[in-house]
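A short write-up of the structure that comes next.
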Protein chains: 2
Amino acid sequence: MKRNTWQREAVREALDDTEGFISAQALHGALHQTGSPIGLATVYRALGDLAANGEADSLQSPDGEALYRACSTTGHHHHLICRNCGLTVEIAADEVEAWAKRVAADHGFTAAAHVVDVFGLCANCTKLLAAGEQPLA
Amino acid sequence: MKRNTWQREAVREALDDTEGFISAQALHGALHQTGSPIGLATVYRALGDLAANGEADSLQSPDGEALYRACSTTGHHHHLICRNCGLTVEIAADEVEAWAKRVAADHGFTAAAHVVDVFGLCANCTKLLAAGEQPLA
DNA sequence: GTGATTTTGACAACCATTATCAATAAGCGT
DNA sequence: ACGCTTATTGATAATGGTTGTCAAAATCAC
Ligand SMILES: [Mn+2]
Ligand SMILES: [Mn+2]
Ligand SMILES: [Zn+2]
Ligand SMILES: [Zn+2]
């Protein structure tokens, strides 16, 4: 049976305290800074479990890193993500859902799923970068 | 200036001969099987260049591997991909383009890009799997 | 509390991708 | 055609995220 450990709870809380998407490594770093001695492998395992249970959303960053986020919305939705600071907006996109279903059906595809993510610079980061600040400071 | 080499042309042709999306490693393997002595690093570079020039499309597979495909359509478009056999249909989706732009603008995001891919089982694979065949045979 | 079983975590292994850099070769001027 | 400049190649090392290993520690049913 599945056992409850403080490590899994720590990962859940750390993920909740994070604004946007975050990598396993970054979350492990954040936990360490709070004094937690949790191991890196454990963070990977906990995040994988959360994603499998639907408690967290995951996506592949454009450079192939897996990112995780605790979602406030329970149902199916998508994300608008700042590629500089990670700020994330959850998006309900009925329009795109319908489009995806239609496209698959029109071509005889079954068991269709879709990946829909929008990356950009949030208003704040746009301002900062225009002022000559460095990205990801 | 940019020079023309048989290696780049070999990668272009190998990519054209491929039905669906393929990884750099797999393409390198395919080239080797035809007797080509091309180096792996060169395949990575050539694919990166093709993608940068818009001659190839690239996407991150669900497990974080970069996949490439020679596009017949020159403009921006998306893909409907069979997760079993790799068969790919190119999709023009003005509706989704407009949606992505609107979503970004509505939230003050700039420099927006989007990832939109639909994965499913093509008609043929649906039939085969229903008949009890194994996936990815 | 005891013990079977799960979980952890330091570390190694893995694997895709990128950086090195000496050797090679494209292509311009001659 | 011939050098010469310089982009390109490719064997190899390095990088970096992720997963596997396995003995030690922790959980929980009894
Ligand atoms: Mn959707
Ligand atoms: Mn698009
Ligand atoms: Zn931002
Ligand atoms: Zn198929």
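So that the names make sense, note that chain A is the first sequence line, chain B the second, and so on, each numbered from 1.
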For A/Ile38 and D/dA25, what is the distance between atoms CD1 and C1' respectively, to the nearest whole Å? 15 Å
Whole angstrom value for the distance that separates C1' of D/dG16 from CG of A/Asp63: 11 Å
With the threshold set at 4.0 Å, does a side-chain nitrogen-carboxylate oxygen contact exist between B/Glu19 and B/Arg69? no
In the structure I gave you, are the side-chain heavy atoms of A/His79 and A/Phe119 within less than 4.5 Å of one another anywhere? no
What is the distance from CD of A/Glu9 to P of D/dA26, rounded to the nearest Å? 19 Å
Carboxylate-amine/guanidinium contact B/Arg8 B/Glu13, below 4.0 Å: no
Is the distance from the ring center of A/His78 to that of B/His114 below 6.0 Å? no
Could you run through nucleotides 16-30 of chain C and give me one letter per nucleotide, 5' to 3': B if any protein heavy atom sits under 4.0 Å from the base, S if only the sugar-phosphate is that close, - if neither? BBB------BBS---
Using whole Å, report how far CG of B/Leu50 lies from C1' of D/dT8. 15 Å
Look at the side chain of B/Glu65 and the backbone N and O of B/Ser23, then say whether any donor-acceptor pair between them is shorter than 3.5 Å. no
Do B/Arg102 and B/Glu97 meet the salt-bridge criterion of a basic N to acidic O distance under 4.0 Å? no
I need the CD-P distance between B/Gln7 and D/dA11, as an integer number of Å. 11 Å
